[in-house]
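Computed from a predicted structure; not experimentally measured.
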Amino acid sequence: MSETFVQTARTSQQITHDVIAYMEPALRAAAARLDEPVRRMTEYHFGWVDAEGRPTSPVGFRRRPALVALLCAGSSPQAWDAVRTAAVAGTLMSAAGTVHDDIIDREMLRKGRPTLWTAFGVPAAIQVGVALHCLAFELLAEEGDRVSTELIRRAARAIRECCSGQVRDLDSEGTSRMSLDLALDLLESTIARPTAGVCLAGALVRGADEDELVAAERFGYHAGMAMAFFDDWEGVWGTSRDTLEDPLADLRRRKSRAFAAVALRAAGPARDQLAAFYDDTAEPTLDQLRHVADLIEECQGRAWVEERIREHIRLAHAVLPQAVPDAVAQAELAAFVAAIADELP
């Protein structure tokens with residue numbers, strides 16, 4: 001990256017660990033407001049208990065929304081305390097989205113454990129997702145100030161945009177005539193714009209001026225796009241892929257993904273094989289899915305998505321000095337964003 005940031009004493013993993021440790025008491029206190037059995041199911045989703053309600057070791061959720069909200073507010077304990085409620089609300093909203101995504105995508109495992117709907121059933125898991133969204137808005141409303149009102153408005157808009165994106169994603173499955181614009185819109189509505197929103201929350205709470213607010217949103221958008229592209233890349237080419245319950249799940253479901261849309265714009269036998277796969281309806285074997293991944297790479301889809309990850313990291317770094325005046329917070333956000341590309345070749 002071309003920007004120069006102060007040296008941070010913490011690695012990206014240490015920053016994430018410290019954010020989880022800071023957030024855990026407030027997040028547990030929020031979950032404790034929920035009525036049973038939704039409370040126990042929420043505690044299960046966050047990895048605090050097993051399906052029977054017995055305490056377990058944490059399963060390592062990354063808490064991305066909390067991390068960027070806290071650091072966009074600053075690096076001091078006072079800065080973090082001021083934005084803690086917004087960070088908890090963002091974490092609850094993210095969890096609600098994950099619960100519903102797992103149902104839609106039929107994900108059986110998350111972090112090595114059965115997903116919420118797998119453990120408790122689809123109807124119950126749907127209700128947990130709704131309850132988590134409601135709890136997030138309840139926490140923000142209790143703050144009762146102008147900033148919280150603005151955060152509620154922006155969060156509500158982000159959630160409904162995300163819902164529309166998810167429906168469009170479902171409608172686009174199973175065709176070689178996928179739209180790159182639609183695939184990019186999905187990443188924006190489900191990850192990039194919500195990430196921009198939590199970054200803006202941190203800036204709003206610390207009283208940022210208009211230029212800083214615009215920069216914080218841009219930083220969050222580019223960081224979110226880098227994370228979104230990486231999540232898509234990780235599911236096909238990441239080292240953790242083969243440990244998943246359903247490796248190459250996005251390919252199996254023939255989902256519209258940006259790297260596939262780019263690959264399908266190529267010409268030649270590899271592209272034709274790829275198009276035939278996406279237009280087919282037969283259940284593929286794992287070996288066939290691995291071949292599809294190779295076809296996408298041959299058609300330059302992998303190289304394209306890897307460059308998009310690096311590009312959005314560069315753009316996030318470029319706007320960071322204008323977004324966050326705190327030098328330590330700048331450095332730690334820069335380290336966190338840079339680490340997104342650590343697994344890339």
Q: For F336, give me all partners under ring-ring contact (aromatic ring centres under 6.0 Å, His included), at least two apart in sequence or on another chain.
A: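 Scan of F336 (ring-ring contact (aromatic ring centres under 6.0 Å, His included), adjacent residues dropped) gives none.
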Q: Answer yes or no: is there a side-chain heavy-atom contact under 4.5 Å between R33 and E138?
A: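 Yes - at least one pair of side-chain heavy atoms lies under 4.5 Å apart.
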Q: For residues 258-277, pull every pair meeting salt bridge (Lys or Arg N to Asp or Glu O under 4.0 Å), keeping only residues two or more places apart or in separate chains.
A: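 Sorted pair list comes back empty.
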Q: Kindly say whether L186 contributes a backbone atom to a donor-acceptor pair with the side chain of R168 at under 3.5 angstrom?
A: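 No, because the side chain of R168 does not come within donor-acceptor range (under 3.5 Å) of the backbone of L186.
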Q: Give every residue pair that meets the salt bridge (Lys or Arg N to Asp or Glu O under 4.0 Å) criterion with at least one member in residues 94-104, sequence neighbours excluded.
A: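 Every salt bridge (Lys or Arg N to Asp or Glu O under 4.0 Å) pair that includes a residue of residues 94-104, provided the two are not neighbours, is D102-R110.
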Q: Tell me whether L139 shares a hydrophobic cluster with V130, the cluster being built from Ile, Leu, Val, Met, Phe, Trp, Tyr side chains joined at under 4.5 Å.
A: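 No, separate clusters.
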Q: Quick check: W80 with Y22 (ring centres under 6.0 Å apart)?
A: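 Ring-ring flag for Y22/W80: true, centres closer than 6.0 Å.
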Q: Using atom types as modelled and distance alone, determine if a side-chain donor or acceptor of H100 lies under 3.5 Å from a backbone N or O of I126.
A: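 Such a contact is found between H100 side chain and I126 backbone.
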Q: Is R308 paired with E311 through a side-chain N to carboxylate O contact shorter than 4.0 Å?
A: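 Counted as a salt bridge, because a side-chain N and a carboxylate O are separated by less than 4.0 Å.
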Q: Considering only residues two or more places apart or on different chains, which pairs with a residue in residues 42-53 satisfy salt bridge (Lys or Arg N to Asp or Glu O under 4.0 Å)?
A: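 Residue pairs passing salt bridge (Lys or Arg N to Asp or Glu O under 4.0 Å), neighbours aside: D50-R54.
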Q: Would the Y44 and F120 ring centres measure less than 6.0 Å apart?
A: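 Between F120 and Y44, which both carry aromatic rings, the centre distance is below 6.0 Å.
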Q: For residues 149-156, which side-chain N or O atoms pair as donor and acceptor with protein atoms under 3.5 Å away, sequence neighbours left out?
A:
residue	atom	partner	partner atom	Å
T149	OG1	D145	O	3.1
E150	OE1	R153	NE	3.2
E150	OE2	R153	NH2	2.7
E150	OE2	R154	NE	2.7
E150	OE2	R154	NH2	3.4
R154	NH1	E217	OE2	3.4

Q: Taking 4.0 angstrom as the limit, do R64 and D231 come out as a salt bridge?
A: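 Looking at R64 and D231, the cut-off is met.
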Q: Can you tell me which residue pairs pass the salt bridge (Lys or Arg N to Asp or Glu O under 4.0 Å) test with a partner in residues 115-137, sequence neighbours excluded?
A: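 Every pair satisfying salt bridge (Lys or Arg N to Asp or Glu O under 4.0 Å) with a residue in residues 115-137: there are none.
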Q: Given the side-chain rings of W237 and F230, with only the six-membered ring counted for Trp, is the space between their centroids under 6.0 Å?
A: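 Centroid separation for W237 and F230: 6.0 Å or greater.
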Q: Tell me whether D279 contacts the main-chain N or O of T175 through its side chain, where contact means a donor paired with an acceptor under 3.5 Å.
A: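 No, D279 side chain to T175 backbone: no donor-acceptor pair under 3.5 Å.
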Q: Tell me if a side-chain donor or acceptor on R254 pairs with a main-chain N or O of D280 at a distance below 3.5 Å.
A: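 Here the side-chain-to-backbone pair exists.
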